[in-house]
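Here the structure is laid out as structure tokens; the discussion comes afterwards.
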Amino acid sequence: MIETEHESLLESIHGVLKTVTDPEIDSVSVLDLGMVENVEVEGSSAKVSVLPTFTGCPALDIIQRDIVNAVIEVEGVDEVEVSFLSNPIWTTDRITELGKSQLKEFGIAPPPANHNPGEPWEIPCPYCGSVFTTMENLFGPTACRCILYCKSCKNPFEAMKPVANIGDE
Ligand SMILES: [Zn+2]
């Protein structure tokens with residue numbers, strides 16, 4: 001019975017985390033971005049472990065605040081702690097299928113799955129699906145995104161850079 005309460009509390013927390021979004025991409029939840037590594041509940045205190053998407057993204061304070069504000073609203077939770085983990089490393093492969101389609105709706109081409117670093121990176125246009133695109137600017141608005149230009153439908157669009165776990169793994 002206690003176990004059931006515990007699980008429904010965890011479920012409620014996951015439910016509200018679906019409403020917390022990256023302030024820069026406000027159509028995709030932190031869950032669908034694959035940022036939430038772990039949720040723990042002990043008594044009435046919740047602990048959410050989050051993987052920062054890109055070290056360069058300045059939105060982490062806002063994400064932390066938003067997670068606290070959302071989770072504290074869950075009945076049975078009195079205390080929320082958010083910690084950012086540096087391990088495991090977040091990779092774009094963690095983005096869910098739903099997250100990828102939401103990125104696309106937002107006009108951001110989702111990163112390719114299982115991209116091997118160093119390989120040419122082909123990005124289909126989120127508007128027309130053409131792969132006849134050029135990279136305009138490697139360093140778009142943030143370090144995580146870049147601006148591309150579609151030669152088929154003539155739309156500029158943004159793409160998330162593939163981030164792979166490079167190194168000793
Ligand atoms: Zn296009």
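Ligands are counted one by one from 1 in listed order, and the atoms in each one are counted from 1 as well. If you're wondering where the values come from, they're calculated on a predicted model, not measured in any experiment. Below, each value reflects all heavy atoms present in this structure, side chains not excepted, and no hydrogens, waters or symmetry copies.
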>> For Leu33, is there any backbone N or O sitting under 3.5 Å from a side-chain donor or acceptor partner on Trp90?
In response: yes
> So, Asp78 versus Ser44: side-chain donor-acceptor pair below 3.5 Å or not?
Replying inline: yes
> Protein N, O or S atoms at less than 2.8 Å from the Zn ion (ligand 1), how many?
Replying inline: 4
> Can you name the closest pair of heavy atoms from Asp22 and Val30 and give their distance?
Replying inline: N-CG1, 4.4 Å
> With the threshold set at 4.0 Å, does a side-chain nitrogen-carboxylate oxygen contact exist between Arg94 and Glu37?
Replying inline: yes
>> Can a donor-acceptor pair be found, under 3.5 Å and without considering hydrogens, that links the side chain of Lys154 to the backbone of Lys151?
In response: yes
> Which atom pair, heavy atoms only, marks the closest approach of Asp32 to Gln102?
Replying inline: OD2-OE1, 4.0 Å
